[in-house]
Amino acid sequence: MNNAQVAEALEEIADLLDFTGANPFRVRAYRNGARAVRDLAEHVSVLAGEGKAQLQQIPGIGADLADKIIGLVETQEIPLLNELRAQIPASVLALLRVPGLGSKKAAVLHKELAITNLADLKDACEAGRVRVLKGFGAKTEQTILAGLEIAGAAEERLLWADADVFAQELLAWLQADPTVEQIEAAGSYRRGRETVGDLDLLVVSQQPPQVMDRLALQQSVAQVLARGDTKMSVRLRNGLQVDLRVVPAESFGAALQYFTGSKEHNVEIRSRAKACGLKINEYGVYRDDVYLAGRTEADVYSTLALPWFPPELREARREFEWAAGPGLPRLITVNDLRGDLHMHTTATDGQATLREMVAAAAARGLEYIAITDHSKRVSMANGLDGPRLREQWAAIDALNRSGEFPTLTVLKGVEVDILERGGLDLPDDVLAEADWVVASIHYGQNQPRVQIMARLFDALRSPHVSAIAHPTGRLINRRQPYDVDLPELIRGAAEHGKLLELNANPMRLDLDDTACAAARDQGVPIVISTDAHSVDGLLKMRYGVLQARRAGLTPQAVANTRGWNELKGLIGRASTA
DNA sequence: GCCGTTTTCGGCCCGACTGTTTTCAGTCG
């Protein structure tokens, strides 16, 4: 039973309790518990084995949830969950995904009309049976029908990189309005989440209606969902919802703080404010209704004796602990990175030649790059065998010697496949000649965990391997990662002195922020690499950096902030953490 | 159900907008 499964069970209890009209704070307690377990770097099942007291160390897990988790780990079930499932069909929970339907209205639909799934709901709306219910009306019925389309359309969150395109477009569009004095995008986009569910835009203007009119005219806006004096919501053609808030200048910082979130971070902030006799809302910080601050975020935080938090840290994980103790980490930036250690060329499945990649990297100011084309097992990509690889390495030697790119060192590398039956795809004598070897799994991804781990440890034990590339095999929104025991992999990397790669491809980011933080805590250096298959691919570094920032990584925690000679010294050196 | 530099009980962030209401509940972020 892994953390995700335990978290899912607690989340399901929260959903079902919510549906039954349970105490909302009890519902929230289950949700908080689920989140705490999901964010845990260790195995919750291991902690459960060590006893109740261990589990209760986790913030958000009390005596009751600890018992339930222990029971779940031991018996694979939670009696409360079984009872709730018997009471409420699983398909009913789908109703909660319809925008505009919360637990209260959904429960009424289930109870009064015996609606158990989305198809029932559609029928009932079309037959006019919903509008006659108490608290519902014709308008609600229409809202539900419109919402059903969205719920049905497999509501997918946008990748941050895709949301970024729309955010920049909308910001530029609104910026052109002369009454717009300040503008910023907030929400999960500003926090740099891997995926973004909606965009929050914040504007200072003396003329809110004019700004709202302008937003409605933007070419990608399909529909205005709601519009008031200060707030407007629209839906873009691609389905993305955009919320616009117009606030006075003295409230801009408070509103930016508020709408950046996360929700959990804000709950903590407001609780603290309340404890000091202050009130914080999106308009400012108040004592007895007297305005104290709100113009900038730093002003707001300083009323609570807190530092300004980089948005990437605002998840109510460890930022408050850091603020109270050692101070916030100096987060890594793109400019800290001096090399890129994973990229492909036309020798295998890349779109640019060796020379083109090298020229682009030099133009970007990188000090070193490793060319890491695929090995022969990856036949679809025309992977390299020993002779072809040595041929490429000879070309790299010649390029380095030529002096054509004096500021850039090109390293002889390879992305060697970890074979299905274990072992590496190239002989030791070839790998021994490389400057840099990343090992990764491409085939046999459905194998059981023990087998996957055995293969990964084959790579960790090889004296020639420098780093494990895409250690979880995750593809966001696409495919389940392979079954890897991440804490064990991190321990193995620490023991054998290997690095772990954070793939900067925004569709991969296969070490999530929790995993990055766990590696940091175990003293395993992270290497952020683009895995570029084209010249433009080299620009993706910033997506990986965003992920590293969310994990609170400093430049010291990331290997390729160092010069190549220093980085080389990290490989094979067992961690001291 | 969790939690405690006022508390082991009584709190738990706060406001905008909508629709169905004649003063407010539900939903959302």
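Heavy-atom basis, side chains included; hydrogens, waters and symmetry copies ignored.
Between atom CG of residue Leu256(A) and atom OG of residue Ser251(A) there is a gap of 12.0 Å, rounded to the nearest 0.5 Å. Atom CG of residue Asn505(A) and atom NZ of residue Lys540(A) lie 4.5 Å apart, to the nearest 0.5 angstrom. With rounding to the nearest 0.5 Å, the separation of CD in Glu112(A) from NZ in Lys134(A) is 11.0 Å.
Comparing the same atom, C1', in dT18(B) and in dT22(B) gives a spacing of 16 Å after rounding to whole Å. Between dT6(B) and dG1(B), the distance separating the two P atoms is 28 Å to the nearest Å. When the C1' atom is compared between dG11(B) and dA16(B), the two are found 25 Å apart, to the nearest whole Å. Rounded to whole Å, the C1' atom of dC14(B) lies 28 Å from the corresponding atom of dT8(B). One C1' atom belongs to dC13(B), the other to dC28(B), and the distance between them is 14 Å to the nearest Å. Of the C1' atoms belonging to dT20(B) and dC24(B), the separation is 9 Å, rounded to the nearest Å. Taking the C1' atoms as reference points, dT21(B) lies 12 Å from dG26(B), given to the whole Å.
When heavy atoms are screened at a 4.0 angstrom cut-off, Ser233(A) is found touching no nucleic acid atom at all. Among the heavy atoms of the strands lying under 4.0 Å from Ser103(A) are primed sugar atoms or P, OP1, OP2 only; no base atom is included. Residue Asn266(A) is classed as having no contact, given no heavy-atom separation below 4.0 Å to the nucleic acid. Looking at heavy-atom distances under 4.0 Å, Asn23(A) makes contact with a base. Contacts of Ile280(A) with the nucleic acid, taken as non-hydrogen atoms under 4.0 Å apart, involve only primed sugar atoms and P, OP1 or OP2. Nucleic acid contact for Ala254(A): none, since no nucleic acid atom lies under 4.0 Å from a heavy atom of the residue. As judged by a 4.0 angstrom heavy-atom cut-off over every strand, Phe259(A) is placed among residues making no nucleic acid contact. Among the atoms of the strands shown, none is found under 4.0 Å from any heavy atom of Pro24(A).
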inquiry  = Please determine whether salt bridge (charged side-chain N to carboxylate O under 4.0 Å, His left out) holds for the pair Asp67(A) and Lys52(A), giving the CA-CA distance in whole Å, both sets of side-chain angles, and the decisive distance to 0.1 Å.
reply    = CA-CA 7 Å; Asp67(A) 280 336; Lys52(A) 190 169 167 180; 3.2 Å; yes

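The aromatic rings of Trp160(A) and Tyr189(A) sit parallel, their planes meeting at an angle under 30°, below the 60° perpendicular limit.
Side-chain proximity of Gln241(A) to the nucleotides dG29(B), dC14(B), dC12(B) is greatest for dG29(B). When distances are taken from the side chain of Arg26(A) to each of dT27(B), dG1(B), dG19(B), the shortest belongs to dG1(B). Comparing dC14(B), dT18(B), dA16(B) by their nearest atom to the side chain of Lys231(A) picks out dA16(B). For Ala29(A), taking side-chain heavy atoms from C-beta onward, the closest of the listed nucleotides dG1(B), dG29(B), dC13(B) is dG1(B). Checking dA16(B), dG19(B), dT27(B) against every side-chain atom of Thr230(A), the shortest atom distance belongs to dA16(B). With distances taken from any side-chain atom of Tyr258(A) to the nucleotides dG1(B), dG29(B), dC17(B), the minimum falls on dG29(B).
Counting to the nearest Å, the C1' atom of dG19(B) and the CG atom of Leu145(A) are 16 Å from each other. In this structure, Leu55(A) atom CG and dC3(B) atom P are separated by 12 Å, rounded to whole Å. What separates CG of Leu81(A) from P of dG1(B) is a distance of 14 Å, to the nearest Å. For Gln57(A) and dC2(B), the CD to P distance is 14 Å, given to the nearest whole Å. Between the CZ atom of Arg35(A) and the P atom of dC2(B) there is a distance of 16 Å, given to the nearest Å.
Sequence order on DNA chain B of the closest nucleotides to Lys134(A) and Asp64(A) puts Asp64(A) first from the 5' end. In this structure, Arg245(A) and Leu133(A) both approach DNA chain B, and ranking their closest nucleotides by distance from the 5' end singles out Arg245(A).
Under the Watson-Crick and G-U wobble criteria, each requiring two contacts below 3.5 Å, nucleotide dA25(B) is paired to dT18(B).
When each of Asn117(A), Ile115(A), Thr116(A), Asp120(A) is paired with Leu95(A), the side chain to side chain contact (heavy atoms under 4.5 Å, CB included) condition holds for Ile115(A) and for no other. Checking Thr514(A), Asp513(A), Asp512(A) one by one against Arg550(A), the side-chain hydrogen bond (donor to acceptor under 3.5 Å, both in side chains) holds for a single residue, Asp513(A).
Here Arg270(A) does not reach the OP1 or OP2 of dC13(B): none of its side-chain N or O atoms lies under 4.0 Å away. The phosphate of dC14(B) (OP1 or OP2) has no side-chain N or O of Lys263(A) nearer than 4.0 angstrom. A sub-4.0 Å separation between OP1 or OP2 of dC13(B) and a side-chain N or O of Arg28(A) is present.
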Provide a list of protein-nucleic acid N or O atom pairs under 3.5 angstrom, restricted to nucleotides 4-9 of chain B.
none

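Between the side chain of Asp18(A) and the backbone N or O of Pro24(A) there is no donor-acceptor pair closer than 3.5 Å.
Aromatic rings of Phe309(A) and Phe320(A) (six-membered ring for Trp) have centroids within the 6.0 Å cut-off, being under it.
With contacts defined as side-chain heavy-atom distances shorter than 4.5 Å, the pair Glu184(A)/Phe252(A) qualifies.
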